[in-house]
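Have a look at the structure below, then the notes.
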Amino acid sequence: MYRIGLTGGVGCGKSTVSSYMAELGIPVIDGDRLSREAVTPGSEAMEAIRRVFGPEVFLPDGRLDRAKMAKLVFSDEDKRQALNAIIHPYVWKRTEEGLIAAQNDGHRLAVLDMPLLLEIGWQLRSEAVWVVKAPVDMQIRRVCARDGATPEEAMARIRKQMPTENKLHYADVVIDNSHSIAATRRQVREALARVPGCVLPKE
């Protein structure tokens, strides 16, 4: 199966690209959704988090105390690595299950929609890396509009990620999402037309 690793910084519009690819009938595996799934009560990952971090990072109803965990991992690199060592294997296990299901359904192409694709080295698990880009000022405006963040908060989130300029070094395809949705979709279709075995529905 041909796997496209799709990534991009916060506010670049990666979801615009992945949503369109899903509209075209391509299976999209959403890394953000799987990361959220990993920290739902009863999951294997939650049991491991409790063993490693103790009960103090949990709320009385059994849910993860996200604020407490965030404060903990952002202030302690060892703790951050320990959390990643729990979450990332879970996400990859579920990703593999999604890929197998897609292949069994007859799909020859799938998209790994992963914000941290490059940071955790999963570009090595993809046949091609697609990077969605947009100017930083546009990223800030989008994050503020979407999440109600201040410009300073949006910028802080952007700075925590690998700079887009660095991501572009890994890119087989670059999607410039700074113009119209139609322009973005056109770039996606043009890039997909070059993917071996990809047959697109007519517009």
Side-chain angles (χ1 to χ4, degrees), residues 2-24 26-36 38 66 70 73-75 77 80-81 83-85 87-88 91-92 95 98 109-195 198:
Y2 192 96
R3 295 165 292 188
I4 294 173
L6 178 68
T7 192
V10 61
C12 279
K14 182 172 55 63
S15 60
T16 299
V17 173
S18 63
S19 295
Y20 181 51
M21 295 170 94
E23 282 181 38
L24 293 172
I26 301 168
V28 175
I29 297 170
D30 185 342
D32 275 338
R33 183 184 66 78
L34 293 178
S35 294
R36 291 192 298 271
R66 291 175 179 271
V73 299
F74 283 131
S75 62
E77 178 61 17
R80 188 180 73 83
Q81 294 288 355
L83 180 62
N84 287 344
I87 300 296
H88 293 166
V91 170
W92 184 249
T95 296
L109 168 66
V111 177
L112 311 184
D113 180 352
M114 305 284 174
L116 298 179
L117 181 85
L118 301 173
E119 287 88 339
I120 59 179
W122 285 5
Q123 75 276 11
L124 301 175
R125 294 170 171 175
S126 307
E127 274 64 53
V129 173
W130 288 27
V131 175
V132 184
K133 72 170 187 175
V136 172
D137 60 337
M138 186 172 286
Q139 288 181 259
I140 292 170
R141 289 199 303 272
R142 287 172 175 168
V143 173
C144 291
R146 184 188 68 195
D147 301 338
T150 66
E152 293 75 21
E153 288 170 338
M155 192 66 221
R157 289 176 62 184
I158 291 167
R159 284 179 174 149
K160 284 176 183 173
Q161 298 183 323
M162 180 188 291
T164 298
E165 296 76 18
N166 293 11
K167 291 181 178 181
L168 294 178
H169 294 303
Y170 295 88
D172 298 292
V173 171
V174 177
I175 303 294
D176 182 352
N177 191 35
S178 62
H179 303 290
S180 66
I181 291 177
T184 297
R185 289 184 167 208
R186 185 174 62 253
Q187 292 174 71
V188 171
R189 290 186 72 93
E190 289 172 353
L192 286 172
R194 299 191 294 271
V195 172
C198 181

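Note that these values count all heavy atoms, side chains included, but never hydrogens, waters or copies made by symmetry.
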What is the distance from atom [atom1] of [X] to atom [atom2] of [Y], rounded to the nearest 0.5 Å?
| X | Y | atom1 | atom2 | value |
| --- | --- | --- | --- | --- |
| Asp113 | Thr95 | CG | OG1 | 10.5 Å |
| Ser126 | Leu112 | OG | CG | 4.5 Å |
| Cys144 | Met155 | SG | CE | 11.0 Å |
| Ile29 | Arg3 | CD1 | CZ | 9.5 Å |
| Leu117 | Leu6 | CG | CG | 8.5 Å |
| Met114 | Lys14 | CE | NZ | 9.0 Å |

What I'd like to find out is whether the side chain of [X] reaches to under 4.5 Å of the side chain of [Y], using heavy atoms alone.
| X | Y | result |
| --- | --- | --- |
| Arg33 | Val28 | no |
| Arg186 | Arg189 | no |
| Asn177 | Arg142 | yes |
| Ile181 | Tyr20 | no |
| Met21 | Leu192 | yes |
| Lys133 | Gln139 | no |

Please name the pair of heavy atoms, one in [X] and one in [Y], separated by the smallest distance, quoted to 0.1 Å.
| X | Y | result |
| --- | --- | --- |
| Ala38 | Ile87 | CB-CD1, 3.9 Å |
| Leu118 | Met162 | CB-CE, 4.0 Å |
| Ile4 | Val195 | CD1-CG2, 4.4 Å |
| Leu34 | Val91 | CD1-O, 3.8 Å |
| Val174 | Gln187 | O-OE1, 3.9 Å |
| Cys198 | Leu109 | SG-CD2, 3.8 Å |

Item checked: Over 12 foreign heavy atoms within 6.0 Å of OH, Tyr170 -> no
Notebook entry, point to check: Asp32 and Arg36: salt bridge (charged side-chain N to carboxylate O under 4.0 Å, His left out), yes or no, with the steps?
Noted result: CA-CA 6 Å; Asp32 275 338; Arg36 291 192 298 271; 5.1 Å; no
Notebook entry, point to check: Do Arg194 side-chain atoms and Glu190 backbone N/O form a donor-acceptor pair below 3.5 Å?
Noted result: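 Here the side-chain-to-backbone pair exists.
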